[in-house]
Structures are given as C-alpha cells and as structure tokens.
Amino acid sequence: MTRAAALSAGLSDRIAELAELYRDLHEHPELSFQEQRTAALVAARLTAAGFEVTAGVGGTGVVGVLRNGAGPSVLLRADMDALPVGEADRVPYRSRATAAGPDGIVGPVMHACGHDAHVTALLGAADQLAARRDHWSGTVLAVFQPAEEIGAGARAMLDDGFLDRFPRYDVALGQHITSAPSGHLYARPGVFMAAADSLRVTVFGRGGHGSMPQATVDPIVIAAAIVLRLQTIVSREIAATDVAVVTVGAIRGGSKENVIPAEAELKLNIRTFDADVRRRVLAAVERIVKAEAAAAGAPREPEIAPINDFPLLVNDEDTTRKVVAAFTESFGEDQVHETGRKPGSEDFGCFGTAAGVPSVFWNFGGFDPALYPEGPDLPQRAVAAGTAPGNHSPEFVPTEIEQTLQRATEALLTAAAIWLSPDGG
Ligand code: ZN
Ligand code: ZN
C-alpha cells in the first residue's frame with residue numbers, strides 16, 4: 001500500500017460523521033474575523049485528536065501541530081469565513097444566520113464560497129493523521145485561517161508571529177471547492193489566481209442648489225466621467241496579450257434630485273495576473289481619477305484608499321507537478337485536470353511567500369456531474385451559462401457532500417504524504 005493509501009485507509013467510515021459536521025458548519029456561518037463558533041469547534045476537535053492547539057492566532061485563527069518523529073513539516077490550510085449573502089432555499093440545513101458586517105449593517109450570512117467544506121476536510125485529514133501515526137513521519141501544521149474573503153486573514157496570522165510561534169514548514173498546501181463535478185480535482189503549475197485590489201475613491205466637489213450648477217462643482221458628473229474613462233485602461237492601455245479587469249462595483253452620491261452633493265464615492269475592483277500589469281493599471285486609475293477631478297475644477301484632490309488587496313497566487317511549478325502526479329496515481333487520470341488561470345483571488349499564497357517555501361493550491365468539485373453536460377474538463381461553461389452555481393452565489397451549496405468530503409480529505413492526505421516520511425520522500 002502506498003503511504004497516501006495508508007493515510008486515507010478507513011476514511012470512508014468517518015464520512016457520515018464528517019458530513020454531519022459539515023451540515024452544522026453550513027447552518028452556522030460566520031463573517032470574516034467573527035469565526036468564534038467555528039474556531040471553538042475546530043480547536044476542540046484538534047485537541048481531542050491529540051494536536052497541540054493554539055487559538056486566537058491573528059484574531060480567530062487556530063493552529064494545530066502534530067509532531068510525529070523525524071521528517072519534513074507540512075502546512076495544511078483551510079479558511080473558515082462566510083459571506084454576507086442570503087442563502088437560497090435549497091437544503092434543510094440552509095443558513096438563517098444574520099450578522100453585522102464591518103459597517104455595522106446587519107444582513108444574512110452564508111457559506112457561499114464553501115469554506116465549511118474546507119474546514120471539514122482538514123479536520124477529517126487531521127483525524128486520519130492522528131489515528132494513523134504509524135504510517136507517516138514528520139510534523140503537520142493544520143492551519144484554520146480567518147477572513148480569507150477580505151484578503152486579511154493570512155496576513156493577520158503571519159503578523160501575529162506565526163513563523164516564530166510554530167514549527168517551520170517545508171511546503172504549504174491548500175485547496176478550494178469549485179463549481180465542478182464532485183470527485184474531480186483541478187490544479188495548475190505557475191500563476192493560478194489573480195491579484196486583486198479593491199479601492200475606495202472619494203471625489204470632492206462643491207455642493208449647492210440643483211437649479212444653480214454654475215455655483216457648484218458637481219461630484220456626480222466627475223464620478224460619471226471617471227467611470228467612463230476607467231473603461232479605457234483595459235481597452236486602450238493594456239496589451240492584447242495581457243489580461244486585466246477594472247470594475248466599478250459601487251457608486252454613491254447625493255440624496256435628492258434638486259441638491260448637488262459635495263462628494264461622491266466609487267468602489268473599484270481590479271484583477272491582474274502580472275506584477276507589472278498591476279502597477280500600470282493602478283497608476284492609470286490614479287492618473288484618471290485625479291485628472292477628471294482637475295478637469296472639473298474640483299476644490300480638492302480625490303482620495304484613493306485601499307479597501308483590501310490579494311497577492312497573485314502562484315503555484316510552485318515542480319512541487320505542483322509532484323502533487324498532480326500523486327493525485328493521478330491515487331485517483332486516476334480522468335479525475336485530475338489541469339485548469340486555466342482564474343480571475344478569482346486567494347490569500348493562501350502568503351504562507352508560502354512569508355516562509356520562503358513552495359506552496360500548492362488546487363480546486364475540488366462538489367456538485368452533481370449532471371450539472372456539467374460538457375464534461376469535467378469544462379465546468380466553467382455551465383457556470384457561465386447559469387445552469388450550475390458559481391462561488392458566492394446564493395445557490396452555492398454542494399450537492400454530493402459525502403463524495404465531495406471524501407475526495408477533498410483524500411486530496412489533502414495524498415499531497416501531504418509526498419513529504420511525510422523520515423527521509424522526506
Ligand atoms: Zn470566496
Ligand atoms: Zn473562498
């Protein structure tokens with residue numbers, strides 16, 4: 001039996017219980033940095049399994065360490081937070097939770113990005129590693145990260161002394177559920193997910209009566225000009241061979257039809273796959289915002305403030321090939337797919353970058369194969385057609401949860417098994 005198979009042996013006996021745990025987490029989602037209940041549950045389970053457990057790392061983060069003799073250290077990471085999304089009425093364990101976001105506004109909360117499945121799979125892997133200590137050697141760090149959705153949790157844990165407080169690791173491994181047939185795995189060596197920058201732009205004008213625009217500087221007109229001019233960044237300033245997205249996702253200003261307000265606000269989201277393209281897009285945004293305000297004679301320069309940012313997610317090429325080879329050996333070629341670059345973003349890469357070690361991130365499917373008529377290689381077509389739910393949708397509830405959890409847990413164990421021997425291979 002391979003080491004991967006030895007680590008996964010007996011897992012199927014735990015799946016019913018893990019599915020129960022998953023449904024409980026799904027019914028009790030928590031927003032970024034509010035993952036108190038999830039963290040307590042994680043800490044209790046890791047402690048029961050025999051891990052050394054530290055809670056409250058970077059806010060609500062939890063780290064479990066299992067030392068099991070000589071050999072490399074492997075970091076396995078799951079994110080814990082949910083989103084301010086109201087869940088569609090699809091399953092009996094749907095979320096009815098509400099919570100106040102950072103702006104104080106109370107709204108519905110849902111695990112619309114499947115982090116509940118990530119937590120469950122990593123707890124399943126932790127149980128297996130603890131129960132099957134005779135079959136591996138080395139150290140495992142099980143990292144349960146808060147606040148991935150706002151791009152802040154990985155950095156919060158690292159800023160909280162993560163590298164000094166816990167054993168150094170040789171590789172960082174993580175995974176994310178995606179809209180694809182359950183049982184299938186997706187990976188890509190090199191650049192995998194986009195860098196993301198969210199910005200708040202405040203434009204200042206001079207308010208006054210709607211009947212006397214000559215006595216005002218209208219920030220709504222400035223904001224409108226900015227929105228249009230921003231469209232020329234991608235269409236006129238970025239090469240056809242490069243990729244970028246500039247989205248104005250929110251625009252707010254004024255309260256009444258006959259009052260010209262004093263200021264207006266825009267919220268921007270920018271995605272890029274290359275550090276140089278990112279710099280150029282950000283510089284163009286700043287140039288356009290300031291120039292449009294100047295063109296209108298604004299009394300003050302606009303303010304541009306970051307809301308959050310995610311680094312580029314880059315899979316170490318050699319290490320990713322090793323992981324993909326292990327997946328293919330364990331699960332068969334027809335279950336493992338190379339995928340394209342994704343415009344979504346992730347802060348998982350911070351754990352590899354900060355420690356100077358390779359990191360590998362992959363996706364696993366979690367839905368009925370019948371939803372993907374063009375086959376497991378092209379699941380994104382069904383998402384684009386609106387026939388399969390995408391991440392962050394109110395309908396994003398995995399349909400084949402036992403099979404999905406089984407494969408996600410096996411994937412973690414199979415990848416970790418590459419390193420977990422006395423000689424590290
Ligand atoms: Zn998400
Ligand atoms: Zn996510």
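Counting starts at 1 for both ligands and their atoms, in listed order. All of these numbers come straight from a predicted model, not from anything done at the bench.
Applying the ring-ring contact (aromatic ring centres under 6.0 Å, His included) definition to pairs two or more places apart or across chains, none involves residues 119-154. Residue pairs satisfying the ring-ring contact (aromatic ring centres under 6.0 Å, His included) criterion with at least one member in residues 36-95, sequence neighbours excluded, are listed as follows: His26-Tyr93.
Around the Zn ion (ligand 2), the protein N, O or S atoms found under 2.8 Å comprise Cys113 SG, His115 NE2, His176 NE2.
In terms of distance to the Zn ion (ligand 1), the nearest N, O or S atom of His392 is named NE2.
Between Phe348 and Phe310, a ring centre-to-centre spacing not shorter than 6.0 Å is recorded.
Judged by distance alone, with hydrogens and angles left aside, the side-chain atoms of Asn68 form a donor-acceptor pair with the main-chain N or O of Arg133 at under 3.5 Å.
Note: Trp362 and Phe327 have perpendicular aromatic rings, judged against thresholds of 30 and 60 degrees for the angle between ring planes.
For Arg381, the side chain to side chain donor-acceptor pair (under 3.5 Å) criterion is met by Glu374, not counting sequence neighbours.
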